[in-house]
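This report refers to the structure that appears directly beneath it.
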Amino acid sequence: MELTRRRNLPVEAVMLFLLLNHFANAGISKNPCDFPAIFNFGDSNSDTGGLSAAFGQAGPPHGESFFHGPAGRYCDGRLVIDFIAQSLGLPYLSAYLDALGSNFTHGANFATAGSTIRPQNTTLHQSGFSPFALNVQWYQFNDFHRRVKTFLTHKDDRVFKKLMPKTKYFSRALYTFDIGQNDLTAGLFQNLTVDEVRASVPDIVGQFKTVIKDIYDQGGRSFWIHNTGPFGCLPYVLDRQLVTAGQVDKFGCVGSFNDLAQFFNHRLKQTVDQLREELHKASITYVDVYSVKYELITKATRHGFEHPLRACCGHGGKYNYNMHIGCGGKVKIKGKDVLVGKACEDPTVMINWDGVHYSQAGNKWIFDQIVNGSFSDPPIPIGFACYKQY
Ligand SMILES: *[C@@H]1O[C@H](CO)[C@@H](O)[C@H](O)[C@H]1NC(C)=O
Ligand SMILES: *[C@@H]1O[C@H](CO)[C@@H](O)[C@H](O)[C@H]1NC(C)=O
Ligand SMILES: *[C@@H]1O[C@H](CO)[C@@H](O)[C@H](O)[C@H]1NC(C)=O
Ligand SMILES: *[C@@H]1O[C@H](CO)[C@@H](O)[C@H](O)[C@H]1NC(C)=O
């Protein structure tokens with residue numbers, strides 16, 4: 001009995017040491033950040049109602065897989081930002097522009113579909129790009145922040161208090177960004193060459209940097225920045241006349257456009273490195289969403305998906321996409337108006353929803369890959385993104 005015990009004790013001690021060491025290395029010694037709010041900036045990838053509030057609702061069948069009807073999203077259900085909010089224990093974000101039913105106690109969403117980083121010199125009607133470029137989203141955030149501070153000093157504004165974040169949330173919040181793709185496609189759709197668009201990237205990322213620095217100056221500390229996806233694999237880009245047959249690679253994507261996306265991403269990552277040097281108290285996580293989306297599209301079958309280059313909701317053609325007859329629009333068939341609805345049998349096996357945007361199933365898959373930090377620099381899970389190291 002004595003002997004056994006003497007022999008066993010050191011073993012247990014070693015085991016305990018190894019276990020503690022394992023937990024320490026795994027970062028379990030750190031507490032989750034407990035983000036009280038999310039402030040999001042971006043384009044349709046994360047628009048939860050902004051463009052719909054300003055220019056009319058994205059109609060049925062948008063939203064039907066989850067919200068049972070239109071919910072301001074260009075998707076059949078939830079977006080990556082919805083899964084992010086959910087994973088942090090926060091409600092889905094209200095769009096800043098939504099006048100009715102909004103609740104900003106745990107954040108606000110300034111993203112709108114079609115947004116660019118640089119303001120465009122065309123209207124939404126002319127080009128399809130949103131007038132709410134990142135600079136406008138930033139004006140809106142500034143005013144939101146200022147007004148929250150003003151209203152909360154009035155002791156009897158109970159109604160507002162139930163709808164607004166606490167002032168201290170602005171420094172503890174997670175600031176999320178997913179924007180840039182439209183700056184690149186805007187140039188290409190104006191028939192600029194890939195090289196000409198490439199030449200504009202330093203200006204684009206420069207304007208992005210200015211916004212991050214200003215949010216930091218206002219007290220923001222935790223930033224979660226998505227890079228841009230392989231838009232050379234999206235139906236709305238593939239269907240354009242600017243793509244000729246010879247340009248597509250073995251996956252059916254336009255390689256030179258994906259290279260352009262990667263060039264942008266490279267410069268974005270350099271910008272993030274500069275920001276880390278300049279903003280000492282900031283934790284900035286760069287998330288390689290490109291690689292996740294590329295893996296999903298190019299190895300769709302392996303991940304349980306079908307027809308990676310076809311839209312679920314659309315009308316006609318190789319990609320089930322027609323830029324003049326979009327998802328939720330109307331098409332005349334034998335003199336009758338028919339809704340452009342879901343053409344795919346099962347949206348849960350489709351990656352692309354409407355030719356431009358990912359399906360809820362695609363978004364969930366993407367979220368599952370990025371949430372634990374495997375695609376982040378530094379490799380920090382989202383719940384710990386207030387730390388510089390993990
Ligand atoms: C819009 O026009 C201004 C003034 O000519 C120019 O500086 C800016 O770069 C243009 N923006 C884009 C996105 O082309
Ligand atoms: C807004 O949401 C918060 C948290 O979900 C809730 O506590 C609050 O009562 C809501 N405000 C209103 C006016 O419903
Ligand atoms: C771009 O080129 C295409 C094909 O030549 C043409 O149809 C389209 O009008 C051009 N777009 C612009 C904005 O110049
Ligand atoms: C992160 O999650 C993905 C998807 O669930 C998984 O394949 C990967 O192994 C995870 N990585 C880590 C470091 O936990």
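Computed over heavy atoms, backbone and side chain alike; hydrogens, waters and symmetry mates excluded. Being a predicted model, the structure only gives us computed values, none of them experimental. For ligands, and for the atoms within them, numbers begin at 1 and follow the listed sequence.
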With distance as the sole criterion, is a donor-acceptor pair present between the side chains of Thr285 and Ser376 under 3.5 Å? no
Nitrogen or oxygen of Thr105 less than 3.5 angstrom from that of ligand 2: yes
Separation of SG atoms, Cys344 and Cys313, below 2.5 Å: no
For Leu163, take its heavy atoms, then give the atoms of ligand 2 lying under 4.0 Å from any of them. 13 (C)
Taking the six-membered ring for Trp, are Phe144 and Phe110 parallel (under 30°), tilted (30 to 60°) or perpendicular (over 60°)? perpendicular
Under 4.0 Å from any heavy atom of His106, which atoms of ligand 2 are there? 4 (C)
Do Phe35 and Tyr169 have ring centroids that are under 6.0 Å from one another? no
Tyr286 and Asn227 side chains, donor-acceptor separation under 3.5 Å: yes
Indicate yes or no: does an N/O atom of Ser374 lie under 3.5 Å from an N/O atom of ligand 4? yes
Using distance alone, with no hydrogens and no angle criterion, decide if Thr176 and Asn40 have a side-chain donor and acceptor under 3.5 Å apart. yes
Under 3.5 Å, is there a donor-acceptor pair linking the side chains of Glu295 and His303? yes
Has Gln126 got more than 12 heavy atoms of other residues, nucleotides or ligands less than 6.0 Å from its CD? yes
Is ligand 4 under 4.0 Å from a heavy atom in the side chain of Asp368, in the backbone, in both, or in neither? backbone
Sort out the contact shell of ligand 1: every protein residue with a heavy-atom distance below 4.0 Å, listed by chain and number. Arg118, Pro119, Gln120, Asn121
